[in-house]
Amino acid sequence: MRIQVMAGVLLAAAAAHGAEFRVSDYGAKGDGKSNDTVAIQKTIDAAAKAGGTIVLKPGIYLTGSLFLKSGTHLRVDEGVEIRGVEDLAGYPVMQTRVAGIEMKWPAALINVYEQTGVKISGKGTIDGDGKIWWDNYRALRRDYEPRGLRWAADYDCQRPRLIQIYKSSDVDLSGLTLIRSGFWTVHICYSKTVTVDGVTIRNNIGGRGPSTDGIDIDSSSNVLVEHCDIDCNDDAICLKAGRDADGLRVNRPTEKVIIRDNTVRGGAAGVTVGSETSGGIRDVEAYRIHVLAGVPNGVLFKSASTRGGTTENIVIRDIDTQGVNTPVSITLNWNPSYSYATLPQGMTDIPDYWKVLLTPVEPEKGMPHFRNVHISGIKSTGAQRAFSVSSYKDSPLQDFTFEDLDIEAKTAGSIQNAENWKFKNIKIRTKDGSTITVKDSKGVTGLPEGK
């Protein structure tokens, strides 16, 4: 499969070639104490009239949400740090999508919102100063989980994302260091022709930031993610397409995506598909991904019985994992306490977005489907188990092909509810001598014997 992704860098760079607009000329201090939001936004607005470049001299610029405009280039040079304020009032509430449902939510620190031809680049840093948001979230989780409200926590605890690209096109993000995001780091939603190149993400500075996804590609198309280095505490590079009834209503796929030449040092997996699959995910290539020790999974597919959607035409190859627990993991009943919203008895006065989350999904619409997947060239050392795969009887994982796998693990693991799976040139070396256990499946051929 070949996917043509138009590099946003070309169009965005062409659009943002005008004069330089210096934030200091509009009153920005860059002293790490003054709030520079208004001054930087004035600079952006002025640059938008000329298709110009916003330039910051070295310093720490304390800001709330900034909104880039069509045809502009935000240049964050070496020695420049844009740091988010610790006051939620600095992030205006706007319509967006959060973890698969459409709702009002605080804007990100850097926003490309309904724009085209935007570039953000440089060797500088964008810092979410996330600890205050991480602590708030953990406190709310401690309150919610004993009450059966785990599913609501990520929506109720409002935390700013670092960069949001929303309903936009021809956007290029390159070269930056992104740290301490309060929530997701780069969220690409309802957008097309987006390139993320050479970005470094670090969300473990000054603590471990919970659910600080690296790069989320959400109901978007023609996206390229390459040469990134990611250390986060949830999905590192993730494909999403909406959650449950709301995602089925929107019914917008993620498609035509290339992910290549990336390193994942911390996160849920090297590449994640789901769990938000409602609009469908298709035509994806991911290759030359290095996944290091401490990451639980090499390749992770996940969904739930209320998500629905079809994931198909996925090609993943040349994945190198070192000390990763499970090189291939597929679960379609992922994290039930989060995936399935159930209202505790006696609760009546609830927010509207809870009602959306609680909207029932008919069983035939809620069953997710995964098919036509080709995985090859996985080399893994130090794994705990080679495979952990399970689906549903009514929705077997169909037409998967695995080629040229070389996996060293303590145990082989299991595959359940698979249909028409082909294995070619497979080496699975296990310390316990086990072979892969196959359950409730048909047409599974080519599995090696234990050694």
For the pair Lys424 and Asp404, evaluate salt bridge (Lys or Arg N to Asp or Glu O under 4.0 Å) and give the outcome as yes or no after the intermediate values. CA-CA 6 Å; Lys424 303 175 184 178; Asp404 302 325; over 6 Å; no
Quick check: does any side chain N or O of [X] sit under 3.5 Å from a backbone N or O of [Y], one acting as donor and the other as acceptor?
X: Ser191; Y: Cys189; value: yes
X: Asp31; Y: Lys33; value: yes
X: Ser391; Y: Ser395; value: yes
X: Thr43; Y: Ala39; value: yes
X: Thr212; Y: Trp184; value: no
X: Thr254; Y: Ile281; value: no
X: Ser220; Y: Ile188; value: yes
X: Ser70; Y: Thr116; value: yes
X: Asn297; Y: Ala268; value: yes
X: Arg252; Y: Ser219; value: yes

Salt bridge [X]-[Y], side-chain N to carboxylate O under 4.0 Å:
X: Lys379; Y: Asp406; value: yes
X: Arg249; Y: Asp246; value: yes
X: Asp127; Y: Arg180; value: yes
X: Asp235; Y: Lys302; value: yes
X: Glu102; Y: Arg97; value: no
X: Asp135; Y: Lys131; value: yes
X: Lys123; Y: Glu78; value: no
X: Arg371; Y: Glu312; value: yes
X: Asp244; Y: Arg307; value: yes
X: Lys57; Y: Asp77; value: no

Does the gap between the ring centers of [X] and [Y] come in under 6.0 Å?
X: Phe301; Y: Phe370; value: yes
X: Phe183; Y: Trp133; value: no
X: Trp334; Y: Tyr338; value: yes
X: Tyr113; Y: Tyr190; value: no

Could you check if a side-chain atom of [X] sits within less than 4.5 angstrom of a side-chain atom of [Y], using non-hydrogen atoms only?
X: Ile426; Y: Phe402; result: yes
X: Leu74; Y: Ile44; result: no
X: Asp154; Y: Arg159; result: yes
X: Val196; Y: Cys228; result: yes
X: His290; Y: Asn262; result: no
X: Val389; Y: Leu397; result: yes
X: Ile230; Y: Arg202; result: no
X: Thr125; Y: Leu178; result: no

Within the 3.5 Å criterion, strictly below it, is a donor on [X] or [Y] matched to an acceptor on the partner's side chain?
X: Glu403; Y: His374; value: yes
X: Thr326; Y: Ser388; value: no
X: Asn203; Y: Asn233; value: no
X: Ser34; Y: Asp36; value: no
X: Thr306; Y: Arg243; value: no
X: Thr321; Y: Ser380; value: yes
X: Ser168; Y: Gln115; value: no
X: Thr277; Y: Ser303; value: yes
X: Asp197; Y: His227; value: yes
X: Thr311; Y: His369; value: no

Which pair of non-hydrogen atoms, one from [X] and one from [Y], has the smallest distance, and what is that distance?
X: Ser65; Y: Gln41; answer: O-OE1, 4.4 Å
X: Pro92; Y: Phe67; answer: CG-CZ, 3.9 Å
X: Ala108; Y: Tyr91; answer: O-CD2, 4.0 Å
X: Ile289; Y: Asp261; answer: CD1-N, 4.2 Å
X: Tyr26; Y: Ala46; answer: OH-CB, 3.3 Å
X: Pro368; Y: Ala304; answer: CD-O, 3.3 Å

Does NZ or CZ of Arg260 fall inside the cone over Tyr287's six-membered ring, less than 6.0 Å from its centre and within 45° of the axis?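 No - Arg260 does not lie over the ring of Tyr287 by the 6.0 Å and 45° rule.
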Taking the six-membered ring of Tyr61 (Phe, Tyr or Trp), confirm whether the NZ or CZ of Arg83 is under 6.0 Å from its centre and within 45° of its axis.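 Here Arg83 fails the 6.0 Å and 45° test against Tyr61.
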Mind checking the CD1-CD spacing from Ile126 to Glu81? Nearest 0.5 Å is all I need.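 Here the rounded value is 10.0 Å.
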Using 0.5 Å steps for rounding, measure from the OG1 atom of Thr96 to the NZ atom of Lys104.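 Spacing of OG1 (Thr96) from NZ (Lys104) equals 10.5 Å.
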